[in-house]
Protein chains: 2
Amino acid sequence: MARSGRRPGESGARERIAASAREVFGELGFDGATIRGIATAAGVDPALVHHYFGTKQRLFLSVMSLPFDAAALKTQLLAPGLAGVGERLVRFFLSVWDEQPSVRPILTGIVRSAMTDPDAALLLRDFLGRQGLFQLVAAIAPNRAEFRAVLVGSQLIGLAMARYIVGLEPLASANAEDVVASVGPAIERYLIGDLGVA
Amino acid sequence: MARSGRRPGESGARERIAASAREVFGELGFDGATIRGIATAAGVDPALVHHYFGTKQRLFLSVMSLPFDAAALKTQLLAPGLAGVGERLVRFFLSVWDEQPSVRPILTGIVRSAMTDPDAALLLRDFLGRQGLFQLVAAIAPNRAEFRAVLVGSQLIGLAMARYIVGLEPLASANAEDVVASVGPAIERYLIGDLGVA
DNA sequence: CCATGAATTCATCACTTGTAGAATTCACCC
DNA sequence: GGGTGAATTCTACAAGTGATGAATTCATGG
């Protein structure tokens, strides 16, 4: 098989490694993924992965970042007014998972890895915290915004786990709009409703 | 160190191994846990774990079962009538995590492992499916009971992840009754409310 | 008091993992 | 066209994994 040494032309190996890493991390989580597996999926020697990305942790952090424009999403969700914001948020959330095949393994990988790896848990905290959901919630309901944001996050992550990671039926193959109609109002209450806490 | 051979008296090693296994599986999940780690925590040679429980999978399945009486819970939750059943379910759910130190690592371990291990995902499916939540939901709302049960499960699991596994603040250190007041109505809507789906 | 069997540990195997360093091949600039 | 550096693979190490089989010590019934 392929001998040592550089290949003629541009091989795009670095991008192939990054893509494979996203896929494998998404399927198996940080611990389950192996550098050798990622390298094989990229058609590349394992040492090349280290050459480009250093350690496994650095590879994970380099590759598992969300292209997520919280500000743009905020205006988009709030443009039609406050009513129905919960359904619009759920609809957006589902569309990311369902329609963007590049983002899905990243989300899956972060959630899977956050279960056991503290670094991945930090990523998840940021995604729900200052960088992500909190911004949106703070613009809608300034009082108790952190609490509301985490409630919304817990329902969304639970939804993702059930529908996409564990694959619980009949939710996994339910129509997206049915999920929006079912979960949207609960999210909306977390966002702008009365939580019943003093 | 301890020589080979049987010890005088009853050592209770099997129970110590089971307890350690629950703890370690709970902290690290199935993949992260090691037989050597479990054995060390139990003060025992790793081979003894295999002697008693065979393979690692069988150890996990032997040890990670929930002492969960769905029928009793059903009557208890429904006794005061249908109103407030959501809050009572959340209160019960939180009390299991907060107050029963023996059950907590089992739940944590199942959720953590279900992320990557298909066998653990089966345990989770059973816990939410025919054995557990579905029974309760079917007694309350016969129509679309599976869908309702999975919605309830997704919110409860998301809540557990945020509060107990990832430790998202301010939810992780929130008062239990505040969580009940916040999440209970959402659960109640999933249980007996109008889901807005045809 | 002896034999059978259970409890416990030792030593070890085969395998996988992350990582490092050396060696080889190519691109590109002076 | 030679030299510097990047791309790529090979080889290998040290550590850790689940698992196995034999050896040792105790309990217990006949």
**Item:** Derivation and outcome, side-chain contact (heavy atoms from CB on, under 4.5 Å), residues B/R112 and B/I165
**Value:** CA-CA 8 Å; B/R112 275 206 160 105; B/I165 300 184; 3.7 Å; yes
**Fill in**
So, with a heavy-atom separation below 4.0 Å from DNA chain C, the residues of residues 108-122 of chain B are none
**Complete:** Residue set satisfying ring pair (Phe, Tyr, Trp, His ring centres under 6.0 Å) with B/F53, at least two apart, ordered chain then number -> none
Enumerate the protein-to-nucleotides 4-6 of chain D contacts in which both atoms are nitrogen or oxygen and the separation is below 3.5 Å.
{"from": "D/dG5", "atom 1": "N2", "to": "A/R6", "atom 2": "NH1", "distance (Å)": "3.2"}

**Item:** Taking every non-hydrogen atom, the tightest pair across B/F134 and B/A145
**Value:** CE1-CB, 3.7 Å
**Smallest separation among heavy atoms of B/E188 and B/L82, with atom names** = OE2-O, 4.0 Å
**Item:** Pairwise side-chain contact, A/L168 with B/S154, heavy-atom cut-off 4.5 Å (strictly under)
**Value:** no
**Asked** Any side-chain heavy atom of A/I157 within less than 4.5 Å of one from A/L124?
**Response** yes
How close or far is atom [atom2] of [N] from atom [atom1] of [X], stated in whole angstroms?
X     : N      : atom1 : atom2 : result
A/D45 : D/dA12 : CG    : P     : 14 Å
B/L59 : D/dA19 : CG    : C1'   : 14 Å
B/L48 : D/dT25 : CG    : P     : 17 Å

**Message:** For B/R36 and B/D45: C-alpha separation, side-chain torsions, deciding distance, then whether salt bridge (Lys or Arg N to Asp or Glu O under 4.0 Å) applies.
**Reply:** CA-CA 8 Å; B/R36 284 170 167 84; B/D45 188 273; over 6 Å; no
**Message:** So, using salt bridge (Lys or Arg N to Asp or Glu O under 4.0 Å) as the criterion, who are the partners of A/E177 when residues are at least two apart?
**Reply:** A/R91
**Chi angles and distances behind the salt bridge (Lys or Arg N to Asp or Glu O under 4.0 Å) call for A/R144, B/D178** = CA-CA 12 Å; A/R144 238 170 295 277; B/D178 286 350; over 6 Å; no
Which atom pairs link the protein and nucleotides 14-17 of chain C when you take only N or O atoms and keep those under 3.5 Å?
none

**Request:** Classify the ring geometry between A/F60 and A/F30 as parallel (under 30°), tilted (30 to 60°) or perpendicular (over 60°).
**Result:** perpendicular
**Message:** Classify the ring geometry of B/W97 against B/Y164: parallel below 30°, tilted from 30° to 60°, perpendicular beyond 60°.
**Reply:** parallel
**Nucleotide nearest A/A47 when distance is taken to its side chain, options D/dA7, D/dC10, D/dA19** = D/dC10
**Request:** Compare the minimum distances between each of C/dT9, D/dG18, C/dT19 and the side chain of B/H50, then state the nucleotide with the smallest one.
**Result:** D/dG18
**Prompt:** In residues 12-30 of chain A, which residues come under 4.0 Å of DNA chain D by heavy atom?
**Reply:** A/A13
**Request:** Kindly say if A/T55 contacts the phosphate of C/dT19, meaning a side-chain N or O under 4.0 Å from OP1 or OP2.
**Result:** yes
**Message:** As a test of understanding, state which of A/T108, A/L156, A/V166 forms a side-chain contact (heavy atoms from CB on, under 4.5 Å) with A/M161.
**Reply:** A/V166
**Item:** Euclidean distance, B/I35 CD1 relative to B/L48 CG, rounded to 0.5 Å
**Value:** 11.0 Å
